[in-house]
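The structure appears below as structure tokens.
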Amino acid sequence: MTSPTSEPLYPFSEIEPKWQAYWESQKIFQVDLGDVRPKYYCLVMFPYPSAALHVGHGRNYILGDAVARYKLMRGFNVLSPMGFDAFGLPAENAALKTNIHPKVSTLANIERMKHQLSQWGIGYDWSREVVSCLADYYKWTQWIFLKLYEKGLAYKKQGTVNWCSSCQTVLANEQVVDGRCERCDTAVTTRELDQWYFKITAYGERLLEDMKLLEHWPERVKTMQENWIGKSTGVEIEFPVEGENYKLACYTTRVDTIFGVTYLVLAPEHPKVAELCAEIHDSATRAAIEAFVRKVRAEDRIERTAEGTAKEGVFTGRYATHPMNGEKIPIWIANYVLPEYGTGCVMAVPTHDERDFLFAKKYRLPMRMVIDSPKGHLEESRMKEAFEEEGVMINSGAFSGLSSREAWTKIAEFMERNKIGKRTVNFRLRDWLISRQRYWGAPIPIVYCKTCGAVPVPEKELPVVLPENVQFKPTGISPLKDNPEFENTKCPQCGLPAKREVDTMDTFVDSSWYYLRYISPRDNVRAFDTLAVNQWLPVDQYIGGVEHAILHLLYSRFINKVLFDQKYVGFPEPFARLFTQGMIIKDGAKMSKSKGNVVSPDALIKKFGADTVRLYTLFIGPPEKDAEWSERGVEGAYRFLGRLWRFVTQAHDWKITGAGTVNTRELKRMTHEIIKKVTEDLEGDFHFNTAVSSIMELVNACYQFEIKTDEDKKIILEAAQSVVLLSAPFVPHIAEELWSRLGRTGSIFRESWPQYSKEAVRKEEIEIVIQILGKVRSRLTVPAAISESELRARVLDDAKVKECTDGKPIKKLIVVPGKLVNIVV
RNA sequence: GCGGAAGUGGCGGAACUGGCAGACGCACUAGAUUCAGGGUCUAGCGGUCGCAAGGCCGUGGGGGUUCGACUCCCCCCUUCCGCACCA
């Protein structure tokens with residue numbers, strides 16, 4: 001353990017504040033949007049302003065900063081902005097305990113975070129800071145709402161919604177994780193409420209389709225979005241109801257099993273349930289059905305939709321007609337059919353659907369096999385589970401004998417010709433519920449007028465300012481309801497007294513467009529400047545946590561597409577490249593205050609300096625993977641920086657006196673080799689961990705060098721300069737300091753990234769591995785330019801080869817140029 | 001169940017397009033330093049047999065392709081993540 005009283009390995013505590021102040025005074029990160037250099041928009045997901053950052057949060061900012069600094073040195077005009085996703089529940093909940101207004105605590109947290117970020121040496125263009133809870137920002141969030149409203153993409157409807165009893169507000173589907181509130185982990189219940197939605201379902205197809213454009217997004221994120229959107233292709237089939245003049249529509253993806261339908265099932269919420277039951281004259285049966293419907297509707301949504309939940313149902317006493325064979329099909333109501341997916345009515349095929357199988361077994365409903373397994377015929381009476389695979393059609397009229405796959409299309413076509421059904425597409429994606437019954441959010445810009453109805457607040461009257469003097473105790477009704485000054489207004493259309501919408505918007509609306517605002521953050525006539533935005537976006541590199549794979553990233557893509565359709569932006573996707581970094585784990589768990597495993601950066605920075613924390617964070621492992629934080633590892637990084645410091649200062653004074661095991665030519669070659677390696681690591685998927693290890697190798701090699709000639713001085717200086725330049729994006733403070741100690745003036749971030757010379761990288765002599773039957777038996781050092789025939793001769797002449805082959809005939813000699821020779825005997 | 005990612009020393013992890021497995025770091029061992037500690041430097045560090053030279057085994061398991069497999073193919077096991085009664 002490094003003792004706190006020991007001398008520092010290098011004067012980090014002096015140089016770090018010095019260079020941080022220098023960067024600020026030199027405006028290194030302030031961007032002139034009109035600069036001639038090619039643009040590079042490097043964006044780190046803006047954080048919620050929490051009280052204190054830990055090293056896990058740090059990884060995010062350090063990665064982004066390393067990318068930004070690297071691109072700066074590559075000659076790009078780099079935009080690296082930062083802001084705060086400042087509305088939201090935590091501040092409001094804290095306020096209930098501390099009595100400090102959310103605005104006050106949020107702004108204080110922002111200041112503290114900014115201080116921490118600057119201590120880390122993270123460079124941003126702070127002149128572009130956006131704070132989503134300030135009126136000059138949320139004014140435009142409200143404007144976005146109006147843009148959706150104009151196109152019918154924001155609407156209000158009564159429906160079953162997720163309710164968190166602890167947060168006292170509704171939640172979007174995306175915010176319910178395993179049946180629990182994403183924020184507070186309380187089990188989510190349901191309520192019937194009249195709420196505002198964004199019609200994201202209208203964009204389901206395009207959100208899916210345009211994933212083709214997201215070449216540089218992680219596969220897992222794309223897969224998660226794909227699953228969430230949940231597109232399925234099937235057929236909607238109409239079943240005439242006996243004794244009625246209407247039909248029940250069923251959605252199925254397995255139209256090939258149509259001849260196996262032995263009953264229909266309605267969701268208890270299906271609109272036709274009441275109508276069907278009204279015709280039932282037996283009052284006891286009717287009462288039983290009504291009781292069942294009431295019971296299921298009252299059930300907890302989450303429990304009801306869990307897979308293991310027992311299937312229950314009642315027979316309605318009514319029948320439908322099978323559209324293909326005219327059979328009489330009983331109509332049931334059951335808990336396992338969901339009202340919101342498909343048509344809320346399912347054609348049941350017990351033989352080929354496991355859920356229908358279980359239900360049919362329980363209620364002794366008939367089954368009919370219509371697809372034979374390729375492995376042999378199955379008897380309905382002996383089946384233990386449904387056969388859900390493909391096979392050969394049987395008992396299916398004219399379609400018998402076809403493969404089920406073939407029959408699928410033929411039956412669908414037949415149905416379309418005969419107007420029985422039509423092919424349709426279904427999505428699992430639901431509309432985005434954006435109303436929240438809490439205080440700390442952007443008010444929804446709608447006014448309710450007795451004569452005009454719901455009227456959008458005109459753009460000119462934005463922002464609808466969130467009043468500050470509000471009792472925001474959560475009651476399940478928006479606290480703004482208790483503020484007559486806010487609620488009472490005049491109808492923008494007729495001027496008569498009217499009431500404002502009192503709900504606020506989901507904070508994910510705030511964060512779904514902030515990346516546009518950074519381009520013209522102080523513009524008070526429009527949300528963003530289309531021309532400038534089209535120049536600067538899509539974002540070249542977006543960096544953030546994978547926890548936003550669905551929520552924020554799907555919402556942003558959606559909002560961007562809405563703006564694209566209205567020609568406010570000229571690009572269909574907002575983020576060209578996405579990088580999702582892994583979590584930092586401590587003692588096997590994610591860092592959190594409640595677990596008490598939080599590693600605070602403040603003490604570490606004090607003890608080892610920010611560069612050490614940065615270096616270790618980058619070196620800890622592949623940035624996209626989770627990694628376990630280790631204090632020992634931090635010390636290793638610190639020791640390396642000490643070694644780097646000593647090396648560069650000694651190299652400058654020509655004091656390198658290593659054992660001389662690395663010669664002049666070799667050191668030059670290594671220098672260029674490592675410039676190449678580090679550059680490739682950064683150009684690829686941010687392999688910072690291997691980039692750092694390469695730099696370590698070069699420093700190690702330099703310590704093996706001995707300066708004897710003037711040429712040696714030149715070479716060691718080149719190595720030293722290269723090491724400093726290459727490490728600058730990772731450890732900017734020490735790099736600046738060493739750069740200046742090497743006699744250079746000005747910021748190292750105004751320097752160009754080093755270029756390697758192909759000439760210097762080339763080896764004159766190479767070591768060839770000699771394998772016999774794939775096993776390494778010998779090595780041979782030969783000139784790099786050696787001809788193959790010459791190499792063969794040298795190999796066969798090798799003493800070790802002669803010994804191992806021992807007169808055995810050589811069957812084959814495989815030569816991999818520049819690498820190895822394998823001898824087959 | 002479906003989908004995704006992964007499995008390499010005591011640990012974190014390297015390994016280009018099939019070509020020397022274990023780079024770099026941590027931990028550890030021994031030694032050096034007028035050496036309390038820390039720091040620094042030198043050497044060692046997958047397993048196993050051997051005094052050594054060297055041999056054999058080794059990238060979750062089992063098969064296969066190949067002159068050659070951590071890498072490609074087939075089967076299986078395990079872990080993590082996402083979705084999940086979506087018809």
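A, B, ... follow the sequence lines: proteins, then strands. Residue 1 opens every chain.
- The phosphate of C86(B) (OP1 or OP2) has no side-chain N or O of Y251(A) nearer than 4.0 angstrom.
- Checked by atom type and distance alone, the side chain of E354(A) pairs as donor or acceptor with a backbone atom of A386(A) at under 3.5 Å.
- A sub-4.0 Å separation between OP1 or OP2 of G25(B) and a side-chain N or O of R643(A) is absent.
- The shortest distance between the side-chain N/O atoms of Q771(A) and the OP1/OP2 oxygens of U66(B) is not below 4.0 Å.
- U29(B) and G55(B): their C1' atoms are spaced 26 Å apart (whole Å).
- Not one side-chain nitrogen or oxygen of R355(A) sits closer than 4.0 Å to the OP1 or OP2 atom of A87(B).
- Look at G9(B): its glycosidic torsion is within 90° of 0, and that puts it in the syn range.
- Neither OP1 nor OP2 of C20(B) sits under 4.0 Å from any side-chain N or O of N822(A).
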* Full working for salt bridge (charged side-chain N to carboxylate O under 4.0 Å, His left out) between E673(A) and K676(A) -> CA-CA 5 Å; E673(A) 179 86 40; K676(A) 180 168 183 261; 5.3 Å; no
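- Within the 4.0 Å cut-off from OP1 or OP2 of G39(B), at least one side-chain nitrogen or oxygen of R639(A) is found.
- The existence of a salt bridge linking E226(A) and K222(A) is excluded, since no basic side-chain nitrogen approaches an acidic carboxylate oxygen closer than 4.0 Å.
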* To do: Go along nucleotides 9-17 of chain B 5' to 3' and tag each nucleotide: B for a protein heavy atom under 4.0 Å from its base, S when only backbone or sugar atoms are that close, - otherwise.
  => ---BSS-B-
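- In terms of position along RNA chain B, the nucleotide closest to R777(A) lies nearer the 5' end than the nucleotide closest to the other residue of the pair R777(A) and N227(A).
- For A5(B) and G60(B), the C1' atoms lie 16 Å apart once the distance is rounded to whole Å.
- Using a 4.0 Å heavy-atom cutoff across all strands shown, G636(A) reaches sugar-phosphate atoms only and no base atom.
- In this structure, the nucleotide among C85(B), G19(B), U42(B) sitting nearest to the side chain of V816(A) is G19(B).
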